[in-house]
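Residue numbers start from 1 in every chain, and the chains themselves are labelled A, B, ... in the order their sequence lines are given, proteins ahead of strands.
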There are 2 protein chains.
Amino acid sequence: MAPLSSGVLGSLDSTSDRAVFRQIADRLREAIDKGRFKEGAKLPSESELVEHFGVSRMTVRNALSVLQGEGLVHSEHGKGVFVRPRPPVRRLASDRFARRHRDQGKSAFTVEAEAAGSRPEVDNLQVKEERPTRDIATRLGEPRKVLARRRRYLLDGRPVEFAASFLPLDIARDTPIAQPNPGPGGIYARLEELGHRLDHFDEEVRARMPTPAEVKSLHLAAGVPVIHLVRTAYDTEGRAVEVCDTVMAADAYVLAYQLPAN
Amino acid sequence: MAPLSSGVLGSLDSTSDRAVFRQIADRLREAIDKGRFKEGAKLPSESELVEHFGVSRMTVRNALSVLQGEGLVHSEHGKGVFVRPRPPVRRLASDRFARRHRDQGKSAFTVEAEAAGSRPEVDNLQVKEERPTRDIATRLGEPRKVLARRRRYLLDGRPVEFAASFLPLDIARDTPIAQPNPGPGGIYARLEELGHRLDHFDEEVRARMPTPAEVKSLHLAAGVPVIHLVRTAYDTEGRAVEVCDTVMAADAYVLAYQLPAN
DNA sequence: GAGTGGTCTAGACCACTTG
DNA sequence: AAGTGGTCTAGACCACTCA
């Protein structure tokens with residue numbers, strides 16, 4: 001166990017009434033912010049911190065868990081605690097579903113990802129008929145049953161998003177939309193061929209901490225929230241023809257919208 | 001210390017290799033999800049859980065901290081641990097800055113909040129000239145100095161958002177925009193009067209865990225992320241005339257966008 | 001004053017990673 | 001084998017809340 005070079009981390013203020021583990025978290029956070037520990041770098045081990053600050057191990061662990069909760073560091077069993085590198089961010093443009101993007105053979109996700117130099121994958125594709133949840137039913141105008149299309153998206157092997165599309169069954173039954181691969185331009189192209197010319201989309205954006213199931217499915221590190229996006233597609237008759245419910249790893253996305261001033 | 005009625009919480013599976021504190025967190029989460037503890041209800045005390053599960057107090061606290069990290073519960077010193085009530089959500093419509101909303105005397109925030117039956121406040125209003133950060137400078141076309149307008153917004157006494165607007169100094173200096181109260185319609189109305197007719201806005205949306213400063217300023221509970229929104233306003237000449245950097249308590253907001261299909 | 005959560009100690013054993 | 005983080009125990013004292 002190498003001794004910790006003094007000065008990199010300050011010492012504690014015993015007169016302060018700030019809890020010791022918070023002071024330790026503060027020192028480490030400052031050191032990270034000031035670049036004394038760079039992205040991906042290993043923090044001093046728990047034993048080193050115990051010795052340096054003269055506290056018990058639980059106090060050190062408590063401090064480290066604060067930083068984990070902030071998404072600043074992550075731990076690897078048997079290796080150490082590391083400054084979390086910021087992963088490359090995928091930008092979702094608000095015009096990604098515009099009609100002019102729908103003539104290609106590939107999905108929006110695939111095209112965008114390849115343009116950004118990433119390797120896209122789609123996973124766990126599942127298509128089935130089911131009874132809608134209360135929320136989905138309300139958004140779709142109370143259909144008795146819906147067609148559900150679920151899938152997970154990965155970039156360079158990392159799962160980043162999963163999405164579930166719901167369409168009223170009277171629209172989607174026995175159409176290419178009910179096939180695993182709906183064909184070029186995706187389900188929006190098929191909807192238009194079926195006479196549902198799309199007029200506009202509503203998107204609702206929320207952020208929250210993930211459920212345990214989402215942590216597992218998206219391999220989320222501690223301190224990473226999710227963006228929850230619900231998009232409803234309307235045809236020119238004003239009918240809601242699809243709802244897409246998407247959960248994204250927040251550290252992998254930035255959403256970009258362009259709004260007219262008028 | 002009243003005994004814990006059995007059945008509300010299951011018991012542990014000693015054959016499982018899942019950590020005990022995770023199993024306890026799972027039992028509590030299930031009980032909350034199934035409505036056995038409703039919003040605002042108090043969970044069993046730590047001592048009760050210690051007795052019920054036959055583990056040490058640290059193990060129980062570890063389990064509770066998992067649920068706090070998920071934003072499911074919050075603790076109050078001396079009182080107990082409670083199921084987090086979901087606060088009323090403020091909906092931000094994407095047309096909130098459309099020109100037709102700018103003829104009123106009140107700010108968008110005030111009008112919206114009052115319409116929703118909430119009591120709006122603006123706080124910590126601060127206007128000053130400063131050197132832009134790298135990011136702001138890039139977005140605004142590299143002005144040497146900017147006018148910065150910072151403020152915090154509260155709903156029914158709860159801080160929910162703070163925002164900083166930056167404008168190139170050559171546009172804003174010695175105009176009503178440099179006044180604490182820029183007058184009816186806000187700074188966008190003033191910009192148009194100054195000949196900068198607004199064309200469109202770009203918005204970038206991210207979500208992340210808050211910094212300690214944000215936790216303090218927004219009184220954020222554990223397990224509540226922030227939504228970070230950066231809006232750039234462009235005039236009809238294509239010039240960026242304002243950047244607004246906003247940080248919102250994610251449990252208080254849902255952003256709503258309407259996108260044309262074409 | 002009794003009950004609650006907040007902080008901290010000083011150990012222990014385990015699982016994982018690396019040389 | 002040595003070092004790391006993961007889990008858990010059995011205590012202790014404190015600060016806060018409520019009756």
Side-chain angles (χ1 to χ4, degrees), chain A residues 1-4 12-28 37 40-69 72-84 212 215 221-223, chain B residues 1-4 12-28 37 40-69 72-84 212 215 221-223:
Chain A
M1 189 171 79
L4 201 51
L12 301 180
D13 175 1
S14 49
T15 72
S16 165
D17 57 357
R18 187 161 175 80
V20 173
F21 77 90
R22 289 188 202 285
Q23 291 190 50
I24 296 177
D26 292 344
R27 296 296 155 274
L28 289 167
F37 299 109
K42 185 178 166 303
L43 294 190
S45 73
E46 293 180 356
S47 344
E48 286 170 320
L49 293 170
V50 162
E51 188 162 352
H52 179 82
F53 289 112
V55 298
S56 80
R57 186 168 167 227
M58 279 308 299
T59 303
V60 163
R61 283 183 62 77
N62 215 336
L64 290 171
S65 87
V66 169
L67 301 182
Q68 268 203 49
L72 256 186
V73 306
H74 71 110
S75 59
E76 297 181 31
H77 195 170
K79 296 170 78 173
V81 178
F82 301 86
V83 179
R84 262 235 340 263
V215 168
Chain B
M1 188 171 80
L4 200 52
L12 302 180
D13 175 0
S14 50
T15 72
S16 166
D17 57 357
R18 187 161 175 80
V20 175
F21 77 91
R22 289 189 202 285
Q23 291 190 51
I24 296 177
D26 292 343
R27 295 295 155 275
L28 288 168
F37 300 108
K42 185 177 166 305
L43 294 189
S45 73
E46 294 180 355
S47 344
E48 287 171 318
L49 293 170
V50 162
E51 188 162 352
H52 179 82
F53 289 112
V55 297
S56 79
R57 184 166 169 228
M58 279 308 300
T59 303
V60 163
R61 283 182 63 77
N62 214 336
L64 290 171
S65 86
V66 169
L67 300 182
Q68 269 204 49
L72 256 186
V73 305
H74 70 111
S75 60
E76 297 181 32
H77 196 171
K79 297 171 77 173
V81 178
F82 301 86
V83 179
R84 264 242 330 270
V215 167

### Task
Taking only heavy atoms on the protein side, list every residue of residues 57-67 of chain B lying under 4.0 Å from any atom of DNA chain D, sorted numerically.
R57(B), M58(B), T59(B)
## Note on the structure
Numerically ordered, the residues 17-24 of chain B set in heavy-atom contact under 4.0 Å with DNA chain D is A19(B), V20(B), F21(B), R22(B)
Starting from [atom2] on [N], measure out to [atom1] on [X] and report it in whole angstrom.
X: E51(A); N: dA10(C); atom1: CD; atom2: C1'; result: 16 Å
X: E46(B); N: dA15(D); atom1: CD; atom2: C1'; result: 14 Å
X: F53(A); N: dC8(C); atom1: CZ; atom2: C1'; result: 16 Å
X: H74(B); N: dG6(C); atom1: NE2; atom2: C1'; result: 16 Å

Please tell me if the side chains of [X] and [Y] come closer than 4.5 Å, counting only heavy atoms from C-beta onward.
X: L72(A); Y: V83(A); answer: no
X: M58(B); Y: M58(A); answer: yes
X: F82(A); Y: L43(A); answer: no

Partners meeting side chain to side chain contact (heavy atoms under 4.5 Å, CB included) with [X] (sequence neighbours left out):
X: R18(B); result: S16(B), R22(B), Q23(B), D26(B)
X: T59(A); result: V20(A), F21(A), I24(A), V55(A), S56(A)
X: Q68(B); result: V73(B), S75(B), A222(B)

#### Entry: Shortest non-hydrogen contact from R84(A) toward A221(A)
CD-CB, 4.2 Å
### Query
Short question: side chain of E51(B), backbone of E48(B) - any donor-acceptor pair under 3.5 Å?
no
### Task
Can you measure from CZ (R57(A)) to CD (E46(A)) and round to the nearest 0.5 angstrom?
4.5 Å
### Task
Nearest 0.5 Å please: distance from the CG atom of N62(A) over to the CZ atom of R61(B).
8.0 Å
Tell me whether the side-chain N/O atoms of [X] come closer than 4.0 Å to OP1 or OP2 in [N].
X: S45(A); N: dT4(D); value: yes
X: S75(B); N: dG6(C); value: yes
X: S47(A); N: dG3(D); value: no

Kindly give the atom pairs (protein nitrogen or oxygen, nucleotide nitrogen or oxygen) under 3.5 Å for nucleotides 14-19 of chain C.
residue: dA15(C); atom: N3; partner: H77(A); partner atom: NE2; Å: 2.8

